[in-house]
Amino acid sequence: MAAVAEISADTTNTMDSKPKPESEFSVQNLVDMFTKLNPLAKEFFPSSYPHNHDQLHQGFNQFSSTNFLINAKPLANDNYPNRRRRNSFNQGRRSNGRSLKAQREDSVRRTVYVSDIDQQVTEEQLAALFSNCGQVIDCRICGDPHSVLRFAFVEFSDEYGARAALNLGGTVLGFYPVKVLPSKTAILPVNPTFLPRSDDEREMCARTVYCTNIDKKVSQAEVKNFFETACGKVTRLRILGDQVHSTRIAFVEFAIAESAIAALNCSGMLLGTHPIRISPSKTPVRPRVIRPTPH
């Protein structure tokens with residue numbers, strides 16, 4: 001029995017000493033290697049962290065909020081050097097936009113809307129009506145295609161003049177009483193380079209009308225014939241249009257001022273398929289400058 005027990009023990013030892021699979025050795029070797037590594041060694045820290053071994057061994061906390069704040073600041077400046085410049089540009093653009101909006105709102109408060117204006121009333125006569133309310137800095141009469149009467153915008157130098165002008169509603173100017181209300185829009189300024197520069201050009205303006213809503217299918221000859229048949233001889237005609245707008249505009253200069261006044265009565269008439277709008281012109285029709293072709 002003792003011999004059997006001894007053989008059994010030897011067999012057991014032989015089984016225990018059997019070589020282990022290679023994979024078990026590999027895993028064990030990796031475990032041993034990782035357990036010997038020092039997690040606080042400097043090669044495990046990014047270069048942005050301070051290489052202070054005293055801090056590291058005293059339990060330096062890499063997730064400290066102050067540590068992230070310190071490192072975030074130089075990153076922002078290094079990677080985005082133009083951010084401050086770009087923000088300054090955007091702030092300037094927003095400031096200019098607010099300034100322009102404030103100017104428009106101020107202009108609207110200084111402007112009144114006048115309707116039911118007789119066809120024979122000129123802008124000078126309308127401005128004279130409101131001259132006692134304050135200084136009139138602009139007056140713009142416009143044709144209304146839906147009425148034989150016209151409307152206008154009158155702008156004053158201050159809000160007090162616009163408020164005083166509201167009291168003139170019901171005043172008869174020509175043959176009709178005018179209506180005066182606060183304006184919802186400002187007068188669009190005219191490019192100063194287009195305004196008359198001499199007495200001759202001012203006289204030309206008195207003979208010129210501004211016509212809008214002209215059908216694109218109507219030719220220049222048809223526009224000229226329309227006004228000569230209804231009003232009188234046309235000396236100059238300038239039609240303008242583009243690919244964006246569905247209609248065109250025109251400046252029509254007549255031989256005499258009476259023809260221009262008669263043309264104001266054509267506002268609302270059909271020219272082609274559109275009712276046209278006519279108002280006195282602020283600008284003369286200057287002759288086209290023919291530039292010499294380069295040789």
Side-chain angles (χ1 to χ4, degrees), residues 113-131 136-155 171-178 187-214 218-240 247-272 274-289:
Y113 169 76
V114 186
S115 61
D116 293 353
I117 301 173
D118 190 339
Q119 292 282 358
Q120 305 302 320
V121 174
T122 65
E123 290 182 341
E124 289 76 14
Q125 291 172 327
L126 184 63
L129 172 66
F130 293 101
S131 60
V136 176
I137 62 175
D138 202 351
C139 178
R140 197 76 55 85
I141 294 181
C142 308
D144 187 348
H146 304 294
S147 172
V148 294
L149 302 178
R150 295 173 295 162
F151 62 92
F153 297 92
V154 181
E155 182 179 351
T171 302
V172 176
L173 185 62
F175 295 99
Y176 299 92
V178 295
I187 296 177
L188 185 67
V190 177
N191 188 328
T193 60
F194 297 150
L195 294 174
R197 303 169 186 167
S198 63
D199 290 339
D200 287 341
E201 288 194 341
R202 278 185 278 275
E203 189 272 334
M204 290 167 62
C205 283
R207 296 186 282 108
T208 305
V209 295
Y210 172 64
C211 181
T212 63
N213 205 43
I214 300 175
V218 175
S219 68
Q220 181 161 331
E222 289 173 321
V223 173
K224 183 177 181 181
N225 182 65
F226 172 85
F227 283 106
E228 287 194 329
T229 301
C231 312
K233 181 176 175 57
V234 173
T235 54
R236 281 198 187 97
L237 174 62
R238 186 73 49 78
I239 299 178
L240 304 172
T247 59
R248 294 174 296 168
I249 63 172
F251 293 89
V252 185
E253 180 189 298
F254 295 92
I256 57 176
E258 287 75 12
S259 296
I261 294 173
L264 298 176
N265 295 319
C266 296
S267 191
M269 290 185 179
L270 287 177
L271 181 54
H274 293 65
I276 56 175
R277 293 191 289 270
I278 305 174
S279 58
S281 177
K282 291 280 188 182
T283 62
V285 183
R286 295 190 177 103
R288 293 185 184 273
V289 177

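All residue numbers refer to positions in the sequence shown, counting from 1.
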| Side chain proximity check, P275 to L270, heavy atoms < 4.5 angstrom | yes
| remark: On a heavy-atom basis, the closest approach of N265 and M269 is O-CE, 4.1 Å
| message | Quick check for you: to the nearest 0.5 Å, what is the distance between C211 atom SG and L264 atom CG? | response | 10.5 Å
| What is the minimum heavy-atom distance between C231 and A263, and which atoms define it? | SG-CA, 3.4 Å
| request: Return the set of residues passing ring pair (Phe, Tyr, Trp, His ring centres under 6.0 Å) with Y210 (not counting sequence neighbours), or none when no residue passes. | output: F251
| Partner set under side-chain hydrogen bond (donor to acceptor under 3.5 Å, both in side chains) for E123, not counting sequence neighbours | K282
| Does the side chain of F226 come within less than 4.5 Å of C266's, by heavy atoms? | yes
| field | Results of salt bridge (Lys or Arg N to Asp or Glu O under 4.0 Å) for D199 - residues two or more places apart only | value | R202
| query | Minimum heavy-atom separation for V154 to C139, with atom names? | reply | CG2-SG, 4.1 Å
| Does T208 reach the side chain of P284, with side-chain heavy atoms less than 4.5 Å apart? | no
| field | Interatomic distance, S267 atom OG to Q119 atom CD [nearest 0.5 angstrom] | value | 6.5 Å
| Which atom of V209 lies closest to which atom of A260, heavy atoms considered | CG1-O, 3.4 Å
| query | Roughly how far apart are N213 CG and H274 NE2, rounded to 0.5 Å? | reply | 5.5 Å
| To the nearest 0.5 Å, what is the distance between CD (Q220) and CG (L237)? | 4.5 Å
| query | Quick check: does any side chain N or O of D118 sit under 3.5 Å from a backbone N or O of F175, one acting as donor and the other as acceptor? | reply | yes
| task | Would you confirm whether R207, through its side chain, and E253, through its main-chain N or O, come within 3.5 Å as a donor-acceptor pair? | result | no
| OH (Y113) with more than 12 external heavy atoms under 6.0 Å | yes
| task | Could you go through the side chain to side chain contact (heavy atoms under 4.5 Å, CB included) check for F254 and I256 one step at a time? | result | CA-CA 5 Å; F254 295 92; I256 57 176; 5.6 Å; no
| CZ on F151 to CD1 on I141, rounded to 0.5 Å | 10.5 Å
| request: Can you see which heavy atom on R238 is nearest to which on V285, and at what distance? | output: NH2-CG1, 3.7 Å
| message | What I'd like to find out is whether the side chain of F227 reaches to under 4.5 Å of the side chain of I278, using heavy atoms alone. | response | yes
| Approximate separation, where rounding is to 0.5 Å, of K224 NZ and T235 OG1 | 8.5 Å
| With a 4.5 Å heavy-atom cut-off, do E201 and R286 have their side chains touching? | yes
| field | Residue of the set I276, T247, I249 for which side chain to side chain contact (heavy atoms under 4.5 Å, CB included) holds with T212 | value | I249
| task | Check G272 against V218 and note the closest heavy-atom contact, atom names and distance. | result | CA-CG2, 3.7 Å
| field | Test item: R150 side-chain N/O and V121 main-chain N/O as donor-acceptor pair under 3.5 Å | value | yes
